[in-house]
Amino acid sequence: MIHFAPLLGYARDWNMQLVLDDALKDLEALIDGGVDAIMVENNYDIPHHIKVGPETVACMTYLTREIRNRTSLPLVLI
C-alpha cells in the first residue's frame, strides 16, 4: 500500500514533488520486498470526505499515472 501524503484540498503547505518522491520510495520498497500488486490511497487526507474536490482527483490521477509508468504490477486505487 502506498499512502499518499495530504493532497491538494487538504494540505496547507503542499508540494507535489515531495508527495511523488515519497510515493516512489514506497513503490521501490514494495517492489524490492516482492509484492505482487500495488495499492494506492489518499489515507492522509484528513478529515476524510465521502466526496473530494477536483484538485484531489487530479492529484490522485497524476500520482497513480507516475506509479503506473514505473511498474507493470497490478495497480489498485482505493
Side-chain angles (χ1 to χ4, degrees):
M1 176 69 73
I2 296 175
H3 299 282
F4 296 136
L7 303 176
L8 281 176
Y10 292 88
R12 293 182 188 197
D13 297 323
W14 188 79
N15 182 314
M16 173 67 88
Q17 191 60 54
L18 292 176
V19 175
L20 177 59
D21 290 347
D22 287 345
L24 295 178
K25 286 178 193 172
D26 289 347
L27 175 64
E28 184 177 326
L30 290 166
I31 291 170
D32 289 348
V35 300
D36 56 9
I38 303 292
M39 297 172 68
V40 298
E41 71 174 350
N42 61 331
N43 186 60
Y44 295 111
D45 287 347
I46 298 173
H48 298 297
H49 299 290
I50 299 298
K51 294 182 180 181
V52 297
E55 65 280 5
T56 304
V57 174
C59 290
M60 293 284 290
T61 301
Y62 170 77
L63 294 165
T64 303
R65 185 189 72 212
E66 291 300 309
I67 290 167
R68 165 53 56 224
N69 289 339
R70 289 165 172 84
T71 184
S72 60
L73 289 171
L75 183 58
V76 178
L77 178 67
I78 302 292

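Residue numbers count from 1 along this sequence. Side-chain atoms are counted along with the backbone in the values below, which use heavy atoms only and exclude waters and symmetry mates.
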Nearest-0.5 Å distance, [atom1] of residue [X] to [atom2] of residue [Y]:
| X | Y | atom1 | atom2 | answer |
| --- | --- | --- | --- | --- |
| D32 | L27 | CG | CG | 9.0 Å |
| R65 | M60 | CZ | CE | 14.0 Å |
| H49 | N42 | NE2 | CG | 10.0 Å |
| I78 | H3 | CD1 | NE2 | 10.0 Å |

Please give me the minimum heavy-atom distance between [X] and [Y], naming the atom from each residue.
| X | Y | value |
| --- | --- | --- |
| P6 | Y44 | CG-O, 3.5 Å |
| Y10 | P47 | CE2-O, 3.2 Å |
| L7 | W14 | CA-NE1, 3.3 Å |
| E55 | L8 | CG-O, 3.5 Å |
| T56 | G9 | OG1-CA, 4.3 Å |
| D45 | A5 | OD1-O, 4.2 Å |

Can you tell me if R68 uses its side chain to pair, donor with acceptor, with the backbone of L73 under 3.5 Å? yes
Can you hop from L77 to I67 via hydrophobic side chains spaced under 4.5 Å? yes
Can you hop from M16 to F4 via hydrophobic side chains spaced under 4.5 Å? yes
Going through the checks in order, is the side-chain contact (heavy atoms from CB on, under 4.5 Å) test met by V19 and Y62? CA-CA 11 Å; V19 175; Y62 170 77; over 6 Å; no
Among D22, L24, L18, which residue satisfies the side chain to side chain contact (heavy atoms under 4.5 Å, CB included) criterion with L20? L24
Which residue, V57, L63, T64, forms the side chain to side chain contact (heavy atoms under 4.5 Å, CB included) with T61? V57
For M1 and L30, what are the C-alpha separation, side-chain angles and deciding distance, and is it a side-chain contact (heavy atoms from CB on, under 4.5 Å)? CA-CA 8 Å; M1 176 69 73; L30 290 166; 5.9 Å; no
